[in-house]
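Values reported hereafter were calculated over all heavy atoms of this structure, with side chains retained and with hydrogens, waters and symmetry mates removed.
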Amino acid sequence: MNEKLFQFIWQMKLFDGSGPFLTTDGQQIHILNAGRLNHHAGPDFLEARIRAGHTTWAGNIELHIRSSDWKKHQHHKDPGYANIILHVVYEDDDPVFTATQTSFPTLVLHHQIKPELLSAYEKLMSQMTFIPCAESIRVVKELTIHQQMDRMLVERLEEKTIYIEALLTRYKNNWQEVFYVVLAKSFGAQINQVPFERLAMQTPLLLFSKHKQQALQIEALIFGQSGFLNDYFDEPYPQMLQREYQHLKNKYSLQALEKHLWKFLRLRPANFPTIRLAQFAALLQQSTHLFSALLESKKLSDMRELFTFEVSAFWQNHYTFQEVSPERIKSIGSVFVDTLLINAALPVMYIYGRLQGNESCCDRALEFLKQIRPEKNAIIDRWENLNIACHSAGDSQALLHLRKHYCELKRCLECSIGFEILKSPPPANGN
């Protein structure tokens, strides 16, 4: 038993009996309201209510594994604990008093907590499997799993809130600029997201607006700012980009990134940063008010259409500036479009809706995520091996978040799945 588990048992009323309960001084009490868990300093549960005889008491409740912890935690000297209405302990080993030397009823729950619950919790905490409940999740109701996944999807989206609020401060609430940075970061995927983000932050969106009709200048800005135009080139096109960038760099006092920041190792040619940069340049040149168009999208197909464009002719037979390759269309693929929607467009749309009080934006973002095919990776495969169905990107995002932020940290007490397992644990003998 630990204090966090004990608080969980009290909060969820996972102890035997509905009352009356007998306190250590012989009082019979009924628990009318276990109270609200306090996450700050002070007693563990606030706004609780109990009835002793014909009298109803309202106030705070403190929990300890042992009653002697009261003194160990120095509560007997703290006036903030002087008005509690009940002290709940797992074991009673020492009478306690408040700072004003008054006493209060103490309830011992040692014999009201099933050993099976404690065994189930210890088993979850000791598991080294993919998820702690890998052996138990098959008996959890499907509705419980779906409810937990819905909560995880919202948490996954709101996880980006702090980052986006910081960008809003940086760009003075300009959502177009914010989306531009978030989208650039997503273009870099996991390998190149940092240089892509830095590229966007060092190259204001306004510059591209000024040269909207000049595809060559936009591509010169992208590749020049990325540090790819400092080499010697034999072909005319990159030489033209060099000349354009030098002019723009001097005109706007630009500072380029270092080329070595970009990673090519273990990437397929179609995912080379040079190709992604060419695609990003094409998107900036061919799209108009991209974030506004995103918000106006009523269907998922409308949103996907925003990412339909062609890269410049040079990149049809190149993967880098130095080497010619067989001609191949380098338009952005449907899988990568969905990746951009999942990681950039829809989270920004959701957070915009939440910060602006626009529920329809939030609802559409969630609905679109449920229409996109699920992501495929080793983590999702292992969830599916446990018979946890993954029908959409909303599901895959939820499961990725659940494992990373709950299962790996063994936050089973904060998970509906863990609650159901602990609420109805199997008998101690496993039958």
Side-chain angles (χ1 to χ4, degrees), residues 153-189 192-213 217-218 221-222 225-226 248 251-257 276-277 279-300 302-307 309 337 339-369 393-394 397 401:
L153 177 56
V154 172
E155 277 196 21
R156 180 79 163 184
L157 291 170
E158 292 191 346
E159 188 179 23
K160 297 180 184 287
T161 300
I162 295 176
Y163 173 65
I164 289 175
E165 286 180 335
L167 291 178
L168 284 169
T169 300
R170 178 187 179 106
Y171 294 109
K172 299 179 180 178
N173 292 317
N174 186 326
W175 280 94
Q176 297 283 355
E177 288 275 6
V178 169
F179 180 56
Y180 159 65
V181 174
V182 176
L183 184 61
K185 186 176 180 180
S186 293
F187 255 86
N192 285 302
Q193 64 176 232
V194 171
F196 250 110
E197 179 188 43
R198 285 185 56 185
L199 166 67
M201 288 183 168
Q202 290 185 199
T203 317
L205 182 61
L206 180 61
L207 285 186
F208 299 106
S209 300
K210 291 180 177 180
H211 300 274
K212 193 72 177 176
Q213 306 306 317
Q217 291 182 335
I218 287 181
L221 280 170
I222 288 292
Q225 285 293 91
S226 301
L248 295 169
K251 182 177 180 179
Y252 298 115
S253 302
L254 298 175
Q255 180 66 44
L257 298 179
R276 293 303 186 207
L277 287 165
Q279 292 168 344
F280 190 55
L283 175 64
L284 292 174
Q285 194 270 321
Q286 298 174 37
S287 64
T288 302
H289 303 299
L290 188 57
F291 181 66
S292 298
L294 169 76
L295 295 180
E296 293 167 3
S297 299
K298 302 302 181 185
K299 298 183 295 184
L300 181 61
D302 296 337
M303 194 172 289
R304 284 173 169 153
E305 187 67 25
L306 298 174
F307 295 90
F309 52 81
V337 169
T339 297
L340 295 175
L341 296 182
I342 293 167
N343 294 314
L346 295 175
V348 174
M349 184 180 187
Y350 177 88
I351 294 169
Y352 173 85
R354 191 172 68 77
L355 295 179
Q356 299 294 318
N358 187 334
E359 290 187 14
S360 67
C361 267
C362 298
D363 292 341
R364 271 184 294 140
L366 291 170
E367 180 57 33
F368 289 160
L369 278 168
Q397 285 283 288
H401 187 85

task: Starting from the C-alpha separation in whole Å, work towards a yes-or-no answer on ring-ring contact (aromatic ring centres under 6.0 Å, His included) for Phe291 and Tyr352.
output: CA-CA 11 Å; Phe291 181 66; Tyr352 173 85; 5.5 Å; yes
- request: With the side chain counted from C-beta on, respond yes when Met201 and Leu167 share a heavy-atom pair under 4.5 Å apart, and no when they do not.
  value: yes
Residue pair Asn358 / Leu295, side-chain heavy-atom distance below 4.5 Å: no
query: Does the side chain of Gln397 reach to within under 4.5 Å of the side chain of Ile342, using non-hydrogen atoms?
result: yes
- request: Taking Gln193 for its side chain and Phe187 for its backbone only, find out whether a donor-acceptor pair lies under 3.5 Å.
  value: no
task: Might you confirm whether atom NZ of Lys299 has over 12 heavy atoms from other residues, nucleotides or ligands at distances under 6.0 Å?
output: no
message: Please give me the minimum heavy-atom distance between Leu306 and Ala293, naming the atom from each residue.
response: CD2-CB, 3.7 Å
- prompt: Could Lys160 and Tyr350 be counted as a cation-pi pair, given that NZ or CZ must be under 6.0 Å from the ring centre and within 45° of the axis?
  reply: no
- request: Quick one: pull up CD in Gln202 and CG in Leu207 and give me the separation to the nearest 0.5 Å.
  value: 12.0 Å
query: Is there a donor-acceptor pair under 3.5 Å between the side chain of Glu197 and the backbone N or O of Val182?
result: no
- request: Would you please test Leu205 and Val181 for side chain to side chain contact (heavy atoms under 4.5 Å, CB included) and show each step?
  value: CA-CA 9 Å; Leu205 182 61; Val181 174; over 6 Å; no
task: Would you check if there is a donor-acceptor pair between the side chains of Arg304 and Ser297 at a distance under 3.5 Å?
output: no
- prompt: Are the side chains of Leu221 and Leu254 in touch, meaning some heavy atoms are under 4.5 Å apart?
  reply: yes
message: Looking at every non-hydrogen atom in both residues, tell me the closest pair between Arg354 and Thr161 and how far apart they are.
response: NH2-CG2, 3.1 Å
- prompt: Any chance the side chains of Gln176 and Ser292 put a donor and an acceptor closer than 3.5 Å?
  reply: yes
message: For a quick test of reading the model, state the closest non-hydrogen atom pair linking Met349 to Phe368 and the distance between them.
response: CE-CE1, 4.4 Å
message: Distance check, rounded to the nearest 0.5 Å: Leu294 atom CG versus Trp175 atom CH2?
response: 11.0 Å
- line: Nearest heavy-atom approach of Glu155 to His401 is OE1-NE2, 3.0 Å
field: Chi angles and distances behind the side chain to side chain contact (heavy atoms under 4.5 Å, CB included) call for Ile222, Thr203
entry: CA-CA 8 Å; Ile222 288 292; Thr203 317; 6.0 Å; no
message: Taking the side chain as everything from C-beta on, heavy atoms only, tell me whether Phe196 gets closer than 4.5 Å to Arg276.
response: yes
- prompt: Would you call Leu341 and Leu369 a side-chain contact if the rule is heavy atoms closer than 4.5 Å?
  reply: no
message: For the CG atom of Leu346 and the CD atom of Glu367, what is their distance to the nearest 0.5 Å?
response: 11.0 Å
- prompt: Roughly how far, to the nearest 0.5 Å, is CD of Glu165 from CD1 of Ile162?
  reply: 7.5 Å
- prompt: Can you tell me if Lys212 uses its side chain to pair, donor with acceptor, with the backbone of Leu284 under 3.5 Å?
  reply: yes
- prompt: Considering all heavy atoms of both residues, which atom of Ile218 and which atom of Phe208 are nearest to each other, and what is their separation?
  reply: CG2-CD2, 3.8 Å
- prompt: How many angstroms lie between atom CG of Leu248 and atom CD of Gln225, to the nearest 0.5 angstrom?
  reply: 9.5 Å
- prompt: Where do Met303 and Ala345 come nearest, in terms of heavy atoms and distance?
  reply: SD-CB, 4.5 Å
task: Report yes if the side chains of Leu290 and Tyr180 come closer than 4.5 Å at any heavy-atom pair, otherwise no.
output: no
query: Is there a side-chain contact between Leu183 and Leu283, using heavy atoms and a 4.5 Å cut-off?
result: yes
- prompt: Rounded to the nearest 0.5 Å, what separation is found between the NE2 atom of His211 and the CD atom of Gln217?
  reply: 5.0 Å
